[in-house]
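Contents: one structure, followed by commentary.
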Amino acid sequence: METLNASGVGNPINRVEGRLKVMGMAKYASEFPVENKVYAQGINSTIAKGEIVSVDTSEAEKLDGVLAVITYKNAEKLNSFDEEMPQLSTTTIAPVLQSPKINYYGEYVGVVIAETFEQAQYAARLVKFEYKKDPDPTIHFDESQAKAYKPSGNPDYSRGDMAAGMAEADETLDATYNTPLEHHHPMELHAIIASWENGKVTAYASQQMVENATIAISDTFQIPKKDVRVIAAYVGGGFGSKLNVERHATLAVMASKMVNRPVQVTVTRHQMFTNTGMRQHNEQRMQIGAKRDGTLTALSHETLSHTSTYQEYQEPCGMISKMLYDVPNNQIKYRLIPMNFQTPFAMRAPGEATGSFALESAMDEMAWKLKMDPVEFRIKNDTQIDLSTDRPFSSRLLKECLRIGADKFGWENRNMEPRSKQEGNWLIGYGVSAASRRAPYRETSARVILEMEKGQVHATVQMDATDIGTGSYTIIAQTAAEYLGIPVEQVTVELGDSNFPVTPGSGGSWGAASYCNGARAACENAISELKRNRNIAEDEEVAVADLLRQNKLARFEAEGTAAPSEEFKNHSVFSFGANFSEVWVDKDTGMYRIKRMVNVGSAGKIINPKTAYGQIIGGLTMGAGMVIAEQTKVEPNFGNFITRSFADYHVPVNLDMANIDVIFLPEEDKIANKMGVKGIGELGITSVAASIANAIFNATGKRMRDLPITPEKLVVAPVESGVVS
Ligand code: MOS
């Protein structure tokens, strides 16, 4: 596709909504000036398992400004799950305060509604609960493994014969990798302002998927979907935590119905550890067999993790091990322990971020056993067929990502032997990891309104898509500019309202491909209709302003829908990548620095290199966070999370990050979708944890299999046998 104008597809223009954001005028959920609104504050349980035996709301109710206190005693009856352990999805109902039963420490047990935020906060502390505590909550992962069960969706998979594959191998590896409990923590706190009026709900809510939010809210309250309107004009990050409707939203809607006023709930940072999702702890056992020449003969990936005691979520950590390499004998297993914590849910690159840490660390371990270059080892086992589905990849440039990355990084300067590159007290290591992330594309609709203004066409694109900080507004504007043949300055994009045409929302790296193709379809339909009305041939080039003039129209509206093709369904469509990192480790203290990274990605057509780089750099930073710092710690007696703020739940800051080169390979993948756009939101985080851990091995000879790799763990870890120290 040729770029028609300076701000169309492919150009690194600034964010179209950037000015609004820096001026504080882009409205996030809690900033809408809804008249007459009041504030609600959720109250959290202080036991991990048991039940409420008494509630005393009298002190709270006496306070000035307090309008109501809701607990299970006076809460309205909501829809309930019709099965035990239902799977958590993006449309799952979110009932709350329905029984005295407590499933985890921090579960909502009540909500106070007051005229001001401060009154609600203070009153929430005065509500007294007495509990009957179950003395034996399931809060210790290591001691609860006997409770593990096979998840209901039957996600296990195998091909070939794993045992035979291991038997024919010259070298085998059996190693277990751990990733800890993590929390998403978008900058914007989860928030909602809900109004219940005449049985209809309007919610300004921080949600990634507005259509699915309307489904979850209407199902929870058993009202028609058309009576729920969700508005999420700007969303300050989500990373998966805002994919589904969480229970604070139910509290707000329920409270609004009760007090007959709009109710705002802003979840506190503290509560975002217990009430808005998390990534569970994964224990991943990898078994690999390979021939002396590097040919893989067997690969097994078994994941043990946990879900809540009332809902099921299973992170697909083994997904990547089914499809990334050419291995005939393959086995993927999952087991879950029901634990007294909230239900975990998708966190950026669910499956790949954690699964590739295990797989790509194990591949590095095997390369070292074979004394083979880890880049060559991966290339040797490349495949153009997805063996898990027997479908060809629509386009797979993994080898190219590895080769070009190695070249840009200076991989030839790497020593195979660990601990052999030193500068003063620093041990220097190079690491590599491959990355792959499914590039989904989902049915998406959009509306375009064309208006003549002072002799120019102005286009307004409307869709229920969200911009979770990724740049949706900008790339949709660029797409419309491209397909209408007008400058991007003449395009306005309006998003995040369930009254607009339906999109799949932002998640799973399908946003860019879906949104842009939806906007494209609407623009193409507009042009086609205007041409058809005047008997102008489809292929005749006529400016859209002239088309409106010839149609004698000052305003024209069209809709369009894009959807995956048959060809798409017959292929495996993925984005690929490779990350190279250089790490310096202090020999005596175990302190380390990520010095530089080269990250190469192939993700089809890049609509806006600037926002795309932002996605990769953000993903790499979050991935570096997995390695250097992030972990939620459980208090061992009560089952509370004790890392409850950014003072103790550490995320990387600028100083922690390396100099990063982000490279996108030119790739045309028209099977992926008409515009050839593939996802990048999750590709960055997928490639980085193993790359850094592998660089640490190359620097120190210490194989670190448990994230995060803290200096205190690293300094005491043994040097692997066989490494010259
Ligand atoms: Mo993503 S974990 O689908 O926001």
Side-chain angles (χ1 to χ4, degrees), residues 1-23 26 234 237 397 400-401 404-405 408 437 439 459 461 465-493 495 506 509-517 519-520 523 575-579 596-622 654 657-669 672-685 687:
M1 173 183 4
E2 289 303 306
T3 294
L4 298 176
N5 59 70
S7 14
V9 166
N11 292 310
I13 64 165
N14 290 335
R15 283 167 186 266
V16 297
E17 84 292 9
R19 194 179 153 80
L20 281 183
K21 281 185 175 164
V22 296
M23 290 173 72
Y234 293 93
L397 300 182
E400 290 77 2
C401 289
I404 289 165
K408 296 274 180 201
R437 168 71 203 180
V461 180
T466 53
D467 189 329
I468 58 174
T470 44
S472 309
Y473 279 102
T474 307
I475 60 173
I476 293 168
Q478 287 179 274
T479 301
E482 179 86 12
Y483 284 89
L484 295 169
I486 58 176
V488 80
E489 293 74 23
Q490 289 167 229
V491 179
T492 302
V493 178
L495 301 180
S506 295
S509 295
W510 58 66
S514 305
Y515 297 163
C516 291
N517 279 285
R520 168 192 59 76
C523 294
S575 299
F576 290 94
N579 185 274
R596 62 190 182 99
M597 276 185 198
V598 171
N599 197 87
V600 186
S602 68
K605 180 82 186 166
I606 301 300
I607 305 281
N608 183 324
K610 196 179 275 186
T611 54
Y613 286 16
Q615 281 303 295
I616 296 292
I617 289 168
L620 294 175
T621 308
M622 208 161 171
N654 279 334
M657 284 310 289
N659 288 316
I660 306 171
D661 272 334
V662 176
I663 298 161
F664 288 110
L665 300 185
E667 181 184 35
E668 189 168 280
D669 187 344
N673 48 70
K674 202 163 165 191
M675 291 175 73
V677 180
K678 298 204 282 194
I680 45 173
E682 293 165 306
L683 189 63
I685 192 174
S687 61

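Worth knowing before you read on, the calculation uses all heavy atoms, side chains too, and leaves out hydrogens, waters and symmetry mates.
- Remark: Gln478 engages Asn11, Ile13, Thr474, Ile475, Val488, Ile607, Asn608 in a side-chain contact (heavy atoms from CB on, under 4.5 Å) (not counting sequence neighbours).
- No side-chain donor-acceptor contact under 3.5 Å links Ser575 to the backbone of Ile680.
- Counting only N and O atoms by type, the side chains of Asp467 and Ser506 include no donor and acceptor under 3.5 Å apart.
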Thr479/Cys523 under side-chain contact (heavy atoms from CB on, under 4.5 Å): CA gap, chis, key distance, verdict: CA-CA 9 Å; Thr479 301; Cys523 294; over 6 Å; no
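- Of all heavy-atom pairs between Ile616 and Gly684, the closest is CD1-N, 4.0 Å.
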Trace of the side-chain contact (heavy atoms from CB on, under 4.5 Å) decision for Asn659 with Met597: CA-CA 6 Å; Asn659 288 316; Met597 276 185 198; over 6 Å; no
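- When all heavy atoms are compared, the tightest approach of Val598 to Gly405 is CG1-O, 4.1 Å.
- Looking only at distances, no side-chain donor or acceptor of Arg15 sits under 3.5 Å from a matching main-chain atom of Lys21.
- Closest heavy-atom contact between Gly471 and Thr611: CA-CG2, 4.3 Å.
- Rounded to the nearest 0.5 angstrom, Asn517 CG and Asn673 CG are separated by 4.0 Å.
- Remark: Arg437 CZ to Glu682 CD distance equals 3.5 Å, nearest 0.5 Å.
- For the pair Ser687 and Asn599, the minimum side-chain heavy-atom distance is below 4.5 Å.
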Residues Val600, Lys408; criterion side-chain contact (heavy atoms from CB on, under 4.5 Å); working and verdict: CA-CA 9 Å; Val600 186; Lys408 296 274 180 201; 5.7 Å; no
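- Of the charged side-chain nitrogens involved, none lies within less than 4.0 Å of a carboxylate oxygen, so that Arg520 and Glu482 do not count as a salt-bridged pair.
- In this structure, the side chains of Val677 and Trp510 stay at 4.5 Å or more apart for every pair of heavy atoms.
- Taken to the nearest 0.5 Å, the CG atom of Asp661 stands 8.5 Å off from the CZ atom of Arg596.
- Taking every heavy atom of both residues into account, Phe664 and Ile606 meet most closely at CD2-CD1, 3.7 Å.
- Note: Ile660 CD1 to Thr621 OG1 = 5.0 Å, rounded to the nearest 0.5 Å.
- A heavy-atom distance below 4.5 Å is not found between the side chains of Val461 and Thr492.
- With hydrogens and angles ignored, the 3.5 Å screen pairs no side-chain donor or acceptor of Ser514 with any backbone N or O of Gly511.
- A pairwise comparison of heavy atoms in Leu484 and Ala459 identifies CD1-CB, 3.5 Å as the closest pair.
- Leu397 contributes atom CG, which lies 8.5 Å from atom CZ of Phe576 (distance to the nearest 0.5 angstrom).
- Salt bridge status for Lys678 with Asp669: present, with a side-chain N to carboxylate O gap under 4.0 Å.
- Contacts of Tyr473 classified as ring pair (Phe, Tyr, Trp, His ring centres under 6.0 Å), with partners at least two apart in sequence or in another chain: Tyr234.
- The minimum heavy-atom distance linking Ala439 with Gly679 is given by the pair CB-N, 3.9 Å.
- From Ile663, atom CD1 reaches atom SG of Cys401 across 9.5 Å, with rounding to the nearest 0.5 Å.
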Test side-chain contact (heavy atoms from CB on, under 4.5 Å) applied to Asn579 and Leu620, step by step: CA-CA 9 Å; Asn579 185 274; Leu620 294 175; 3.4 Å; yes
